Amino acid sequence: MGLLVSLAIRNLGRNRRRTLLTALTVALGTALLTMALAMLNGIFDSTIERGAGMVGHVRVVNPEYARREQLMPLSDNLPDPAPLVAAIQGQPHVLGVFPHIAMGVTAARDDQEIGEIFALLHGAPAAYYTDVLHLDKQLAAGTMPSTDKEALFGIALLEELGAKVGDKVVLLGQTQDGSPGRARLEVVGAVDLGNRMQNRQVWASLAKVQYVADLDVGATELLVQVDDYQEARAIAADLRQLPALQSLDVHAWDERAPFDAAGALIGTIRGIAASLIVFITGLGVLNTMFMSVLERTGEIGVMRAFGLRRWQTVGLFFVEAIAIAAIGGLAGVALGSPVVLFLHRVGIPLGEGASKLPAALPINQTIYPVLTPQILLTGFTLGLTMALVGGLLPAWRAAGIEPVEAMRHRR
Amino acid sequence: MLFLLSLAARNLVRNLRRTVLTGTAVVAGVALMIFGWGLIDGLDDNILRAARLTYAGDLVLRPDGYPDDGLRFPLDQAAAVSPALTAKLDAAGPWTARTTFPARLVKGVDAQRVFVVAYDPATETRVFDRKSWRLEGSWPAADKPEIVAGSAFARLMELKLGDEVVLEARTRDGAINALNYTVVGVVRTDNTTMDNLSVWMEAPAAEQLAVLGGVRTQIAVLPTATPDVAKATLAGLGWTPLTLPEECDDLIAMNRIRRKSISVVVGMIMLIAATGIANTVIMAAFERIREIGTLLALGMPRRDVQLLFLLEGGVMGLVAGVFGAVLGSSLVLYWQANGMDFSSIVEKMAANMSMSVVVYTHFSWAPTLLSLLFGVVVAVLASVWPARYASRIVPADAVRAD
Amino acid sequence: MTQLFTLFFVFVSHAFAITVDEVLIHVDQNLTYETRESNLTMTVVKAGRTKSYTMHSYGRGQDEMAMEYLSPERDKGTKMLKKKDELWMWMPDIEKTQKISGHMLRQGLMGSDMSYEDLMESSSWRTKYTGVITSEPMLDGHKVWAIELKAKDSTVAYPKRLIWVDQTSFIPVKQELYALSGMLLKTWVMTDIKPIEGKQFPTKMIVEDKVQQGSRTEITFDKVTFKVALPEEVFTTRWLER
């Protein structure tokens with residue numbers, strides 16, 4: 001065995017160009033694979049992460065509210081969220097618990113008639129708007145609100161109202177009893193989320209909307225932010241055990257629409273995309289290895305003529321292949337990782353202007369490729385596998401040919 | 001030149017295995033590129049699809065001044081379809097007119113605002129084939145007080161086939177009217193607004209409820225000419241036409257980002273493919289050092305040797321590229337017609353499926369030919385280095401080399 | 001609401017048969033100089049939930065009405081002004097007068113079964129409907145005229161009304177409001193008729209939605225005064241902001 005190894009190494013050194021070329025292929029392929037997969041991750045993850053944050057990693061609501069959630073029924077609310085918040089706050093993995101209210105309102109600029117223009121009004125703690133929705137990063141103009149009398153408005157709504165930052169807007173909604181809930185808010189910031197639907201919203205303080213909705217201290221939803229949103233289901237299951245939440249509907253983001261369906265779809269698409277990338281990379285490596293071995297048919301014949309057994313011949317190539325694959329794979333990973341990490345810090349800008357968030361599946365304007373150990377492992381393993389397959393197959397066949405024939409195959 | 005070309009071709013055939021090996025990389029690369037672009041172009045299509053198949057056709061007309069935000073359907077701004085307009089529409093292609101208006105649906109103690117979509121049973125299916133809709137039950141019979149409810153709406157109100165409900169609406173003049181209806185069907189169109197907020201009935205029934213006087217709120221056309229041309233002919237008759245992309249410009253803008261993201265991924269794939277192609281070509285070339293030496297020794301000019309290699313790269317790239325293009329295009333065309341149906345996968349995960357998930361690709365010549373070109377160019381360029389290297393070899397060394 | 005604030009009652013002798021027009025005149029008729037002030041309570045029952053409001057209002061003729069909410073605490077201070085076809089709302093918490101328009105007018109006042117539109121029906125029944133007396137039955141121990149009213153044109157909100165007018169007080173003690181198809185939409189019942197300053201006045205009204213089950217609004221007048229001295233500018237937007 002030691003002979004094989006030393007022979008293998010010497011072979012590699014002997015034809016440096018070929019070795020280098022092959023190793024380079026493996027390296028390049030692996031590097032690109034690493035970057036591509038990281039990019040995929042970046043695209044999908046940021047999309048999903050943003051969406052999960054928006055609907056709440058874990059959501060706690062009145063079961064009736066869950067059933068009729070299209071209507072956002074104020075009557076099916078959580079009248080006293082404080083003890084619930086307290087109960088959830090200290091739980092493992094929980095980063096924040098935010099009471100939230102959403103209600104439909106009609107809006108008008110000061111002194112205009114009211115009744116024709118509609119919007120969706122949100123009420124939540126300020127921290128929710130910055131830490132979860134990142135609205136501070138999507139301001140087209142103005143600043144974040146600091147008092148109950150101030151709010152953020154979507155730009156499509158402002159356009160329809162003929163209002164701008166600094167103006168006052170009156171909102172009129174209906175409480176659960178049908179009586180008018182109203183507020184007069186100053187537009188301190190204009191938000192652009194990328195599409196008209198999303199830009200017809202108003203984000204105000206929790207207290208203000210509780211007043212408008214006549215919910216006293218209540219809320220319609222509790223949105224729980226966790227440290228690892230991909231573990232939301234497990235965390236939700238744990239939270240469901242809490243005595244305080246017994247009669248309530250507690251579900252993770254990927255258990256609710258639209259992610260329950262979209263999640264599977266995205267997973268599938270991501271899987272397919274990754275497979276395609278892996279396939280094409282593998283093909284390149286395979287081809288190269290195949291070729292480099294094929295080229296040496298004559299050499300194999302010579303070795304066989306010298307008495308090397310078939311398995312030893314193949315074994316020789318095996319070692320060579322491993323060596324190349326290992327070097328190439330490591331080089332590739334070493335090459336690809338810093339690029340990915342750099343891009344992760346800097347981001348790949350895509351958008352024109354502000355970022356755009358479709359209805360429930362938001363996509364960032366910049367992609368932040370995400371490197372995971374899985375990707376590194378995949379790249380390395382792939383390179384290795386392909387190199388082996390590419391190297392062993394022809395070697396085996398070549399080794400089976402009569403030495404004389406083989407030698408005659410020289411080019 | 002011709003001699004070199006035929007030599008190149010024969011070389012390729014002579015060592016078929018090598019050719020096939022390098023060719024595979026090109027085939028796969030080109031096919032994948034074409035597929036990737038087909039997917040990207042299909043994205044816009046997918047966005048437009050829902051609109052086209054449920055309310056807009058390829059050209060949608062609304063009365064001048066009628067709001068197009070999809071949230072309001074004021075009956076007082078509806079308009080009649082004049083004979084002049086009718087004639088122009090008939091000339092443009094299959095068309096159908098609908099009237100959408102607000103109403104209140106009451107079932108027992110529950111009442112909910114809905115939009116009634118009144119369609120013309122004679123012409124509706126000329127524009128909307130309903131193939132992608134899922135209907136449970138049946139469409140209303142003529143002259144019967146029957147309605148079909150949007151799937152999500154039915155779920156919300158817990159409507160079942162056979163339920164009796166009351167629809168209360170304002171007539172066009174403002175009087176209140178209310179009639180009893182039976183829910184005979186539940187339909188899922190994959191248009192969120194319609195599935196969540198609408199009920200469907202035949203135009204004569206709507207006439208009875210809202211005393212429309214024959215007015216309509218939207219016309220959908222499948223023009224035989226291109227939509228832009230058709231749009232021009234239909235303008236100025238009291239109705240505002242919009243092509244499908246114009247109607248959905250909001251959604252398309254939204255999609256631009258997604259397109260870019262996917263383009264980046266496809267770009268990476270192209271890069272990987274290029275690397276694969278280049279490597280195999282280079283390896284193949286270097287493998288033939290002795291052959292080169294022989295040719296040089298036989299007196300072939302160095303430049304011709306170079307050219308030979310480039311031609312081999314080019315021919316191989318072209319042939320393999322065409323194979324790849326055919327493969328890629330077939331996939332794209334197939335999935336353009338049938339769509340990749342992810343529904344089964346999705347349905348396993350979600351109990352309450354509110355959307356069908358079929359992804360369509362879109363074929364166009366530009367990306368196809370470009371991808372082919374890309375494949376050929378890479379193959380040729382990849383042959384450059386070995387070609388130059390080869391041409392600088394000293395024949396004696398070459399023959400000696402292994 | 002016209003019925004509420006615009007009734008003027010005349011004692012008429014029934015020696016001869018009366019025409020619908022005459023009945024309606026009396027029902028409709030309003031002393032243009034008549035002013036009134038009242039305190040009332042409105043209770044809204046919907047989907048099993050009940051909510052009560054108390055209000056204080058001034059009225060003049062059929063066209064003008066100014067109302068202020070006294071309770072509950074949340075709505076206290078809210079004022080509404082109706083002038084002919086226009087409606088304004090003053091919201092104290094936001095210190096804003098806002099004109100109400102569009103489809104909001106068709107919604108129920110404070111979620112009740114009485115829409116702003118019902119409130120704003122400022123033209124009389126006489127101009128909107130033609131009618132015929134169908135019978136003269138007894139209703140709750142009183143003799144009434146049963147009158148069928150059909151709308152004169154297609155723009156009238158309720159194409160058909162059946163009203164039962166008390167022959168003594170000329171109060172439409174019961175009304176049924178019908179849709180174009182003939183389906184019963186709402187009923188208005190006026191009861192607890194009390195004499196106030198020599199006039200008969202219904203101190204209780206119940207409006208019931210007949211299409212959606214379980215939806216009902218009740219209005220009780222706690223105090224009514226006629227011929228009052230109205231505060232200055234009461235029927236102007238300035239009063240709202242006072």
Side-chain angles (χ1 to χ4, degrees), chain B residues 67 69 71-78 100-116 143-147 156-159 163-182 197 201 204-215, chain C residues 44-50 85 101-108 111-118 120-123 125 128-129 149-162 175-188 207-217:
Chain B
D69 54 13
L71 300 171
R72 295 170 288 168
F73 296 92
L75 200 51
D76 52 4
Q77 286 179 277
T100 306
F101 58 94
R104 189 171 82 127
L105 185 142
V106 183
K107 182 184 147 196
V109 295
D110 283 320
Q112 192 58 37
R113 254 179 73 93
V114 286
F115 290 115
V116 176
D143 300 327
K144 286 245 178 91
E146 297 178 345
I147 58 171
L156 180 70
M157 295 284 286
E158 290 172 352
L159 294 176
D163 276 352
E164 297 281 329
V165 300
V166 174
L167 276 177
E168 192 186 295
R170 292 271 172 166
T171 66
R172 197 155 161 247
D173 292 329
I176 305 178
N177 200 4
L179 288 165
N180 286 303
Y181 293 88
T182 312
L197 296 172
M201 69 166 68
E207 190 64 49
Q208 205 191 5
L209 177 63
V211 189
L212 301 171
V215 296
Chain C
V44 181
V45 179
K46 203 165 247 186
R49 275 202 329 278
T50 308
D85 291 335
S101 78
H103 87 288
M104 284 213 47
L105 293 174
R106 291 182 176 166
Q107 287 184 11
S112 73
D113 290 303
M114 221 163 41
S115 65
Y116 294 102
E117 187 189 39
D118 290 343
M120 282 169 43
E121 265 198 321
S122 56
S123 7
W125 286 344
K128 283 188 170 172
Y129 294 92
L149 295 173
K150 290 236 172 75
K152 281 186 184 171
D153 66 58
S154 56
T155 62
V156 177
Y158 299 100
K160 176 170 123 179
R161 286 184 196 244
L162 293 182
Q175 290 178 60
E176 287 177 349
L177 282 62
Y178 289 88
L180 189 63
S181 63
M183 187 184 293
L184 179 61
L185 294 172
K186 291 185 190 175
T187 55
W188 282 57
V207 183
E208 209 173 318
D209 186 332
K210 283 310 208 180
V211 177
Q212 185 183 5
Q213 297 163 13
S215 190
R216 192 175 85 245
T217 302

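Every value quoted in this text rests on a predicted model; they were computed, and no experiment measured them. Sequence lines set the chain letters: A, B, ... in the order given, protein chains first and strands last, and positions in each chain run from 1.
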Discussion item. If you apply the rule side-chain contact (heavy atoms from CB on, under 4.5 Å), what do you find for C:Gln212 with B:Glu168, and how did you get there?
Written reply: CA-CA 10 Å; C:Gln212 185 183 5; B:Glu168 192 186 295; over 6 Å; no
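Proximity to chain C is limited to the backbone of B:Asp110, based on heavy atoms less than 4.5 angstrom apart. Neither the backbone nor the side chain of B:Arg72 has a heavy atom closer than 4.5 Å to any heavy atom of chain C. For B:Val166, the part sitting under 4.5 Å from any heavy atom of chain C is the side chain, from C-beta outward, and nothing else.
Contact record, C:Ala157 with B:Arg170: CB-NH1, 3.9 Å, taken as the closest heavy-atom pair. Nearest heavy-atom pair, B:Ala175 versus C:Pro159, reported as atom, atom and distance to 0.1 Å: CB-CG, 3.8 Å.
Within 6.0 Å of the NZ atom in C:Lys152, the count of heavy atoms belonging to other residues, nucleotides or ligands exceeds 12. Within 6.0 Å of CD on B:Glu207 lie more than 12 heavy atoms contributed by other residues, nucleotides or ligands. Residue C:Arg216 qualifies as open at atom CZ: its count of foreign heavy atoms under 6.0 Å is 12 or below.
Just one residue in the list B:Leu209, B:Asn177, B:Leu179, B:Ile176 forms a side-chain contact (heavy atoms from CB on, under 4.5 Å) with C:Leu180, and that residue is B:Asn177.
C:Asp153 pairs by the side-chain hydrogen bond (donor to acceptor under 3.5 Å, both in side chains) definition with C:Thr155, not counting sequence neighbours. The side-chain hydrogen bond (donor to acceptor under 3.5 Å, both in side chains) search around C:Gln213 returns none, not counting sequence neighbours.
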